[in-house]
Amino acid sequence: MKISIGIVAYNEEKNLPRILEDVKKQTYPLEKIELVLADSMSEDDTMRVMLAFAEQEGAKFHRVQVINNRGRIQSCGWNRIIDTFTTEALIRIDAHSSIPKDFVQRNVEALQEGEYVTGGVRPNIVESDSPWQQILLTAESSMFGSSVASFRREEKKAYVKSFFHGAYRREVFEKVGKFREDLGRTEDNEFHYRIRQHGFQLCMVPGIRSYQMIRPSLGKMCRQKYGNGYWIGLTSGVCPGCLSLYHFVPFAFILGILITTVLGFVGFPQLAMLMWSLYGLLAVAMAVMAMIPDIQEGKWNAGELLLPILFLMLHVSYGVGTLIGIVQMPFWRKEHIGKERE
């Protein structure tokens with residue numbers, strides 16, 4: 001079975017060599033792998049890295065194609081790749097990630113067993129072993145700091161709503177179409193929703209594993225959370241069915257802060273005290289749970305005592321983003337519908 005790997009990258013000259021090296025080390029025969037690299041009009045040497053890889057390693061693969069994503073955003077890049085790939089199936093991989101040697105092999109095996117869309121768990125990794133980045137990794141990897149989505153931690157066969165780094169048979173694109181280019185961070189949620197609506201299932205396969213690089217600083221991590229929440233808010237107005245209840249938990253937290261603060265000012269501080277007490281207890285409990293593996297492995301450091309504060313910053317960033325997205329959603333939706341009619 002010939003299969004394609006697609007990678008969309010914007011200003012990823014630093015991380016791209018890592019994922020390309022992972023692709024080159026795959027146990028699946030390289031002569032059966034087509035690699036399609038889409039550069040989103042990068043301002044660094046991303047395109048140069050892609051072209052150099054194609055020139056130096058292209059002969060080992062079935063084909064290596066380097067294309068331009070003039071739309072710049074991820075969804076536009078994936079659509080250019082969908083238009084370009086020529087094999088039986090396409091594996092979607094993020095440039096800011098890493099895959100083990102058997103990643104393609106295991107996806108091909110699952111597809112050949114009759115699945116149409118396959119994927120696996122996606123734990124987080126960091127760029128360096130610095131103590132601070134390890135603390136950020138612990139915060140991001142915690143169920144309280146990130147989410148309860150099964151693709152992050154549950155390694156068992158199941159049919160799920162969404163996952164990262166999926167493999168899709170060509171028939172899926174032919175029936176479902178491509179990614180919506182008006183969505184920013186939620187294009188995969190909406191696409192997977194349509195896949196399910198068309199009768200396909202997303203199979204979480206034991207043994208399939210890939211890794212996502214977290215943002216290297218707290219500021220960048222908070223900006224990412226804000227952006228994620230913002231697009232959840234906007235998407236709620238065009239495809240509420242592709243979102244889950246847990247996407248709105250930080251938003252509910254922000255509403256709780258606003259409501260209890262107002263009540264506190266008018267003479268009813270009890271609810272605010274109760275809410276913050278419960279949140280504080282839960283944050284401390286989840287921080288302890290997140291620290292236990294590090295303590296058992298002898299990797300714990302005192303900085304992890306900051307985890308409850310980090311959780312709060314991540315939750316507030318995401319929740320404020322969702323709030324602003326929901327407020328702007330009617331205007332964005334009206335503008336979007338206007339453009340669709342033109």
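Computed from a prediction, not measured in an experiment: that's the story for all the values here.
Around the CZ atom of Arg72, the shell of radius 6.0 Å holds more than 12 heavy atoms that belong to other residues, nucleotides or ligands.
Of the N and O atoms on the side chains of Ser98 and Asp22, at least one donor lies less than 3.5 Å from an acceptor on the other residue. No side-chain N or O of Ser97 forms a donor-acceptor pair with one of Ser210 less than 3.5 Å apart. Looking only at atom types and distance, the side chain of Asn228 has a donor-acceptor partner in the side chain of Arg185 under 3.5 Å away. A donor-acceptor contact closer than 3.5 angstrom is absent between the side chains of Glu12 and Ser42. Gln224 and Tyr318 share no donor-acceptor pair across their side chains, judged by distance under 3.5 Å alone. If you check the side chains of Asn107 and Thr118, you find a donor sitting under 3.5 Å from an acceptor. Under 3.5 Å, the side chains of Asp188 and Ser162 contain no donor-acceptor pair of N or O atoms. A side-chain donor-acceptor contact under 3.5 Å links Glu34 and Ser4.
When Arg180, Glu181, Lys178 are each tested for a side-chain hydrogen bond (donor to acceptor under 3.5 Å, both in side chains) with Asn79, only one passes: Glu181.
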Verify side-chain hydrogen bond (donor to acceptor under 3.5 Å, both in side chains) between Glu115 and Tyr159, making sure each step is shown before the conclusion. CA-CA 11 Å; Glu115 301 294 344; Tyr159 292 100; 2.7 Å; yes
Kindly determine whether Lys24 and Glu21 satisfy salt bridge (Lys or Arg N to Asp or Glu O under 4.0 Å), including the steps that lead there. CA-CA 5 Å; Lys24 192 173 67 172; Glu21 187 67 19; 3.3 Å; yes
For salt bridge (Lys or Arg N to Asp or Glu O under 4.0 Å), just list the numbers for Lys225 and Glu140, CA-CA rounded to whole Å, side-chain angles, deciding distance to a tenth of an Å, and then say yes or no. CA-CA 10 Å; Lys225 296 298 183 186; Glu140 178 67 17; 3.1 Å; yes
Walk me through whether Arg106 and Glu113 qualify under salt bridge (Lys or Arg N to Asp or Glu O under 4.0 Å). CA-CA 11 Å; Arg106 288 182 179 272; Glu113 289 174 1; over 6 Å; no
Apply the test salt bridge (Lys or Arg N to Asp or Glu O under 4.0 Å) to residues Lys14 and Glu127: give CA-CA distance (whole Å), side-chain angles for both, the deciding distance (0.1 Å), then the verdict. CA-CA 10 Å; Lys14 180 180 178 181; Glu127 293 181 356; 3.3 Å; yes
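Below 30°, between 30° and 60°, or above 60°: for Phe248 and Phe251 the angle between ring planes is above 60°, a perpendicular geometry. Using a 30° and 60° split on the angle between ring planes, Phe173 and Phe85 fall in the perpendicular class, above 60°.
A centroid separation of less than 6.0 Å is found between the aromatic rings of Phe253 and Tyr279.
Looking at Ser277, its side chain does come within 3.5 Å of a backbone N or O of Met273 through a donor-acceptor pair. With hydrogens and angles ignored, the 3.5 Å screen pairs no side-chain donor or acceptor of Arg80 with any backbone N or O of Ala38.
Sorted by first and then second residue, the ring pair (Phe, Tyr, Trp, His ring centres under 6.0 Å) pairs with a member in residues 114-140 read Tyr116-Phe200; sequence neighbours excluded.
The shortest side-chain heavy-atom distance between Asp39 and Tyr10 does not fall under the 4.5 Å cut-off. Contact check for Phe144 versus Leu282: side-chain heavy atoms found under the 4.5 Å cut-off. Using a 4.5 Å heavy-atom cutoff, the side chains of Met221 and Met313 are not in contact.
Considering every non-hydrogen atom in both Val205 and Ala110, the closest pair reads CG2-CB, 3.9 Å.
To the nearest 0.5 Å, atoms CD1 (Ile195) and CG (Leu202) are separated by 5.5 Å. Of the inter-residue distances, the one linking Ile19 atom CD1 with Asp94 atom CG reads 8.5 Å to the nearest 0.5 angstrom. Rounding to the nearest 0.5 angstrom, the gap separating the OG1 atom in Thr322 from the CE atom in Met329 is 11.5 Å.
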